[in-house]
Amino acid sequence: MLTRSIGRLRPHVVRPLRQSALIGQAQGRKLSTLNKLEPKDVEHFATILPKTSILSTLPPIHGSADDLDPFNSDWMGKYVGQSQCVLKPRTTEEVSKIMKWCWERRIPVVPQGGNTGLVGGSVPIGSEVILNLSNMNKIRTFDPISGILVCDAGCILESLSEFLDPHKHIMPLDLGAKGSCQIGGNVSTNAGGLRLLRYGSLHGTVLGLEVVLPDGRVMDQLTTLRKDNTGYDLKQLFIGAEGTLGVVTGVSILTPAAPMAQQAIFLALPSFATLPKVYRAAKRHLSEIISAFEYFDRQSYNLVSGHTGAKALEDSEIGDSQAFVLIETSGGDANHDQEKVNNLLEELYEPADGEEALINSGALSQSADQFASLWAFREGIAEAAGKSGKVYKYDISVPVSEFVNTTNRVRERVGHKVKEVVGYGHVGDGNLHINVIAETYTKEIEELLEPFIYEVVASHRGSISAEHGIGKMKPQHLHYSKDAVSIDLMKKIKQLFDERGIMNPGKVVPM
Ligand SMILES: Cc1cc2nc3c(=O)[nH]c(=O)nc-3n(C[C@H](O)[C@H](O)[C@H](O)COP(=O)(O)OP(=O)(O)OC[C@H]3O[C@@H](n4cnc5c(N)ncnc54)[C@H](O)[C@@H]3O)c2cc1C
């Protein structure tokens, strides 16, 4: 049995927003048909919002451009806009009045949550108004019997978890950006994250939405019903719409009861080849208590270890292991769960068919701190990559059996031009993250990577975006995952909701 104690890992930190050099100012075709913001617009916004909720370089505010930089620049410092105005409404009514004005004046608007998105969707392409939801951060209701939470869209994911904690409930999703991202942003990107294996996607757990449409009308579907078969389920269109159809202002979501016992199991595998067997054994032995099954390659392990100094296992125990797995269990009885974990580990060390051991070594969390430390190691990959250089991020769905082949093909293609290529992902969801870490963003590297990666994905009938979305990064590549009929319907839906094209122009839907 594994009983190692581990305690040297750093707590998880979300990298703060930061600025970087301007790298592109391409205007979407739609933007040119829209109007530029004028002082009279800012004057009007000042009749809707207190001046403290407006950041603008234009009169009557006369703010500094530096104040707007964190809102104009994305989390990676890859996409940078030139908005002259950030608005921070506190209520749905204020959002509605702002949108009504922008609709009448044909002024483009980018809804922004925590600005942790990874595809350039949350920052302007040109000088769109940024509608930042961070002041809309109230819990509206929580029912501890049903577990249904209704809240403002600007609530930070981690704050919602903290709110639920004393009620012994958890949010059905968890991700590395939890300290900054907002539930409205999560809904708008249909964020997946670390608990999807257990609790499913937001398309299932979101029960209702309140949305301000581009023309300022409020669509109130903020119901708390588990069952509601009354025609088209319109809210689903806004889950994953990335702010192109409206502004999500309220969310009703089903939260699960907090598990009474949790464990993290960290495993070092000789090679990726044994991973599918480990996954199958884990599903069989752990059955209803398995809540996450995460994979990362040796390069990812070395990156986090080098960046934080943390070690999940001693070097001697890791040897030349090439693949690592983090399994989480969430159950109702620690003894019962422990027995299941022991049976799993027994089989991994001594497979019934007499094969070689499927793992080299492992560690099992013995306390809440160790549980958090093992997760911090896995969640630290994105941060470590960001600290090492400029990161080209690809989040794709391909068959699990293709995880390593796909990563290796990318390595062969650009390895000589970049610092490192790392592969990790959510095995339970068939979702692989490939991070290509370069000294700097260059056209040459981008052209080597794209459409190359998307062609590989298409050859497996995979998805070019498993969870991060399309944003500004991928509209022109959408056809690798969606057929012409689907894209045509997407364009028509966009036109139906936003015929003036003011909502987050240039994002998601190809021009
Ligand atoms: C360290 C790190 C780890 C991550 N891990 C994961 C992960 O495991 N799984 C995953 O799926 N994603 C992950 N992400 C990316 C993920 O998409 C975002 O973190 C999160 O869901 C976006 O929320 P946000 O509030 O920051 O939205 P933003 O980045 O502000 O916006 C994202 C998109 O949603 C739109 N939007 C935001 N709020 C609203 C609103 N109220 N109404 C309408 N549109 C809106 C924006 O216009 C934009 O197009 C990670 C990001 C980071 C930085």
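Note that ligands are numbered from 1 as they come in the structure, with each ligand's atoms numbered from 1 the same way.
- At a 4.0 Å cut-off, not a single heavy atom of Lys507 sits close enough to ligand 1 to count as contact.
- Residue Asn186 has at least one heavy-atom neighbour below 4.0 Å for each of these atoms of ligand 1: 20 (C), 21 (O), 23 (O).
- Of all atoms in ligand 1, listed by their number and element, those nearer than 4.0 Å to a heavy atom of Gln182 are 24 (P), 25 (O).
- Checked against a 3.5 angstrom limit, the closest N/O atoms of Ala177 and ligand 1 fall outside it.
- Ion pairing between a basic and an acidic side chain is recognised when a charged N comes within 4.0 Å of a carboxylate O; Asp41 and Arg105 show such pairing.
- Here the side chain of Gln112 pairs a donor or acceptor atom with the backbone of Phe71 at under 3.5 angstrom.
- Under the 30°/60° scheme for interplanar angles, the aromatic rings of Phe324 and Tyr301 are found to lie parallel.
- Between His426 and Phe293, the ring center distance fails the sub-6.0 Å criterion.
- Taking only nitrogen or oxygen atoms, main chain and side chain alike, Glu242 reaches within less than 3.5 Å of ligand 1.
- Ion pairing between a basic and an acidic side chain is recognised when a charged N comes within 4.0 Å of a carboxylate O; Lys492 and Asp488 show such pairing.
- Between Tyr295 and Tyr279, the distance separating the two ring centers is not shorter than 6.0 angstrom.
- At under 3.5 Å, not a single nitrogen or oxygen of Leu133, backbone or side chain, sits near a nitrogen or oxygen of ligand 1.
- The distance criterion of under 3.5 Å between nitrogen or oxygen atoms is not met by Val110 with respect to ligand 1.
- Here Val248 has heavy atoms under 4.0 Å from ligand 1 in both its backbone and its side chain.
- Ring-plane geometry between Trp375 and Phe371 is classed as perpendicular, the angle between the planes exceeding 60 degrees on a 0 to 90 degree scale with a lower cut at 30.
- Here Glu242 does not pair with Lys472 in a salt bridge; the nearest charged N to carboxylate O distance is not below 4.0 Å.
- For the atom pair OG of Ser73 and CG of Asn115, the computed distance is 7.5 Å after rounding to the nearest 0.5 Å.
- For ligand 1 and Asn504, the ligand atoms under 4.0 Å from any heavy atom of the residue are 47 (O), 49 (O).
- Counting only distance, with no hydrogens or angles, the side chain of Glu94 and the backbone of Arg90 share a donor-acceptor pair below 3.5 Å.
- Annotation: Gly121 places an N or O atom under 3.5 Å from an N or O atom of ligand 1; distance criterion only.
- Each of the atoms 12 (N), 13 (C), 15 (C) of ligand 1 lies under 4.0 Å from some heavy atom of His468.
- For ligand 1 and Ala191, the ligand atoms under 4.0 Å from any heavy atom of the residue are 11 (O), 21 (O).
- Under the side chain to side chain contact (heavy atoms under 4.5 Å, CB included) rule, Leu245 has a single partner from Leu237, Leu213, Val509, which is Leu237.
- Ligand 1 has no nitrogen or oxygen under 3.5 angstrom from a nitrogen or oxygen of Gln112.
- Checked by distance only, ligand 1 and Val247 stay at 3.5 Å or farther apart across all their nitrogen or oxygen atoms.
- Residues Lys474 and Asp395 are paired through a salt bridge, judged by an N-O separation under 4.0 Å between the basic side chain and the carboxylate.
- When each atom of ligand 1 is checked for a heavy atom of Gly246 under 4.0 Å away, the hits are 43 (C).
- Each of the atoms 7 (C), 8 (O), 9 (N) of ligand 1 lies under 4.0 Å from some heavy atom of Gly193.
- In terms of polar-atom proximity, defined here as any N/O pair under 3.5 Å, Gly192 does make such a contact with ligand 1.
- Shown in contact with Ser188 at under 4.0 Å from a heavy atom are these atoms of ligand 1, numbered in order with element: 34 (O), 35 (C), 36 (N), 39 (C), 40 (C), 42 (N), 43 (C), 44 (N), 45 (C).
- With a 4.0 Å cut-off on non-hydrogen atoms, Leu118 touches ligand 1 through its side chain and not its backbone.
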